[in-house]
Amino acid sequence: MSHVASPMKPVSSARGESGVNIIEKTDEEILAIANPLWRDLVKYSNEGKYGEFVRNFSSSLALAMNQVVAGHQFANSELARSLSEVPDFLGIIRRGEHVTVLYRQRSTKKQGEWLGRLVLGYENGQVRIFGASIF
């Protein structure tokens with residue numbers, strides 16, 4: 001999961017079917033959504049399954065992802081293939097119509113800690129990933 005720039009301009013479809021902006025959800029509600037999504041990203045990154053990795057991405061992020069670059073990353077990045085399945089939640093940042101969930105991420109093969117970033121918002125009434133990175 002390398003850094004991917006993603007356009008995050010507010011649009012009318014960014015609100016859920018109930019009209020609730022994701023930033024209005026409680027931390028607990030956001031984590032109930034974010035943690036399984038992050039867990040899936042880690043799992044599919046470790047397994048090198050690009051198609052599964054991007055399945056919850058927003059349409060704009062999916063279009064921005066270059067399959068060749070992502071495939072190369074999965075094949076050649078020791079970090080992308082050795083993420084610990086037990087991250088530490090650090091916090092939530094609310095801005096506009098998106099939330100950023102931050103995790104302390106470790107590797108099963110590399111020493112040290114990385115910052116995991118997951119950006120969530122609504123697209124067509126469903127919560128989607130608008131950004132994901134490890135740095």
Side-chain angles (χ1 to χ4, degrees):
M1 290 188 298
S2 64
H3 177 72
V4 176
S6 60
M8 296 193 331
K9 60 184 180 193
V11 293
S12 60
S13 66
R15 291 189 177 265
E17 291 172 359
S18 63
V20 175
N21 185 331
I22 195 164
I23 69 170
E24 297 166 1
K25 291 189 174 294
T26 67
D27 285 3
E28 293 76 21
E29 290 171 323
I30 292 169
L31 285 176
I33 298 166
N35 287 343
L37 290 172
W38 187 256
R39 189 171 39 249
D40 282 352
L41 289 177
V42 167
K43 175 184 177 184
Y44 298 128
S45 182
N46 286 341
E47 294 174 0
K49 293 184 177 177
Y50 174 78
E52 294 298 316
F53 182 79
V54 301
R55 73 179 175 171
N56 291 306
F57 282 13
S58 68
S59 56
S60 60
L61 182 58
L63 288 173
M65 286 286 293
N66 179 323
Q67 289 187 26
V68 174
V69 172
H72 181 76
Q73 172 186 314
F74 284 132
N76 298 306
S77 170
E78 183 180 39
L79 178 61
R81 298 299 293 273
S82 67
L83 297 170
S84 168
E85 294 181 8
V86 185
D88 297 321
F89 167 70
L90 297 176
I92 296 173
I93 298 169
R94 292 167 169 83
R95 180 176 48 235
E97 297 203 4
H98 296 89
V99 295
T100 300
V101 183
L102 301 173
Y103 296 94
R104 177 184 297 117
Q105 185 68 54
R106 293 178 182 85
S107 168
T108 58
K109 295 183 180 178
K110 296 181 78 153
Q111 290 263 328
E113 300 174 335
W114 288 263
L115 180 63
R117 172 186 148 268
L118 181 64
V119 180
L120 302 175
Y122 280 103
E123 181 179 72
N124 299 322
Q126 295 184 343
V127 174
R128 291 288 184 205
I129 298 171
F130 284 79
S133 57
I134 296 268
F135 50 97

State the [atom1]-[atom2] distance between [X] and [Y], to the nearest 0.5 angstrom.
X	Y	atom1	atom2	value
Phe89	Asn35	CZ	CG	8.0 Å
Leu37	Leu31	CG	CG	11.5 Å
Arg81	Glu47	CZ	CD	8.5 Å
Leu118	Thr100	CG	OG1	8.5 Å
Thr26	Ile92	OG1	CD1	8.0 Å

Taking every non-hydrogen atom, the tightest pair across [X] and [Y]:
X	Y	value
Ser133	Phe135	OG-CE2, 3.3 Å
Glu97	Ile22	O-CG2, 3.5 Å
Pro87	Gln105	CB-OE1, 3.5 Å
Asn46	Leu83	OD1-N, 2.7 Å
Phe130	Leu61	C-CD2, 3.6 Å
Ala34	Val101	CB-CG2, 3.8 Å

Open item on the list: I want to check something: taking the side chain as every heavy atom from C-beta on, are Val99 and Lys25 in contact at a cut-off of under 4.5 Å?
Closed with: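 The answer is no, as the side chains (C-beta and beyond) never meet within the 4.5 Å cut-off.
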
Task: Within-4.5 Å side-chain heavy-atom neighbours: Leu41 and Phe57 - done: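 The answer is yes; the side chains approach within 4.5 Å.
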
Open item on the list: I'd like to know if Asp40 pairs up with Lys49 as an ion pair, taking the criterion as any Lys NZ or Arg NE/NH1/NH2 lying under 4.0 Å from an Asp or Glu carboxylate oxygen.
Closed with: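 Looking at Asp40 and Lys49, the cut-off is not met.
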
- [ ] State yes or no: do Tyr44 and Val86 share one hydrophobic cluster built from I, L, V, M, F, W and Y residues joined by side-chain heavy-atom distances below 4.5 Å, directly or via other members?
- [x]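 Looking at the clustering, Val86 is in a separate group from Tyr44.
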
TODO: Check whether Val54 and Leu63 end up in the same hydrophobic cluster, where Ile, Leu, Val, Met, Phe, Trp and Tyr are linked by side-chain heavy atoms less than 4.5 Å apart.
DONE: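 Per the 4.5 Å side-chain linkage, Val54 and Leu63 are not co-clustered.
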
Open item on the list: According to side chain to side chain donor-acceptor pair (under 3.5 Å), who are the partners of Ser82, at least two apart in sequence or on a separate chain?
Closed with: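 By the side chain to side chain donor-acceptor pair (under 3.5 Å) rule, Ser82 matches Ser107.
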
TODO: Output all residues satisfying salt bridge (charged side-chain N to carboxylate O under 4.0 Å, His left out) with Arg104, sequence neighbours left out; order by chain, then residue number.
DONE: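 Per chain and number, Arg104 pairs via salt bridge (charged side-chain N to carboxylate O under 4.0 Å, His left out) with Asp88, Glu113.
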
TODO: Name all residues meeting the salt bridge (charged side-chain N to carboxylate O under 4.0 Å, His left out) criterion together with Arg128; count only those two or more places apart in sequence or in a different chain, and write none if there are none.
DONE: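 Applying salt bridge (charged side-chain N to carboxylate O under 4.0 Å, His left out) to Arg128 gives none.
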
Open item on the list: Treating Arg117 as the side-chain partner and Leu102 as the backbone partner, does any N or O pair qualify as donor plus acceptor under 3.5 Å?
Closed with: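 Answer holds: no.
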
Task: Check: Ile129 main-chain N/O paired with Asn56 side-chain donor or acceptor under 3.5 Å - done: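 Not confirmed, Asn56 side chain does not pair with Ile129 backbone.
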
Task: Candidate list Arg94, Arg95, His98, test side-chain contact (heavy atoms from CB on, under 4.5 Å), partner Ile23, passing option - done: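 The residue from Arg94, Arg95, His98 that satisfies side-chain contact (heavy atoms from CB on, under 4.5 Å) with Ile23 turns out to be Arg94.
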
Task: Parallel, tilted or perpendicular: rings of Tyr103 and Trp38 (30°, 60°) - done: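 Correct class here is parallel.
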
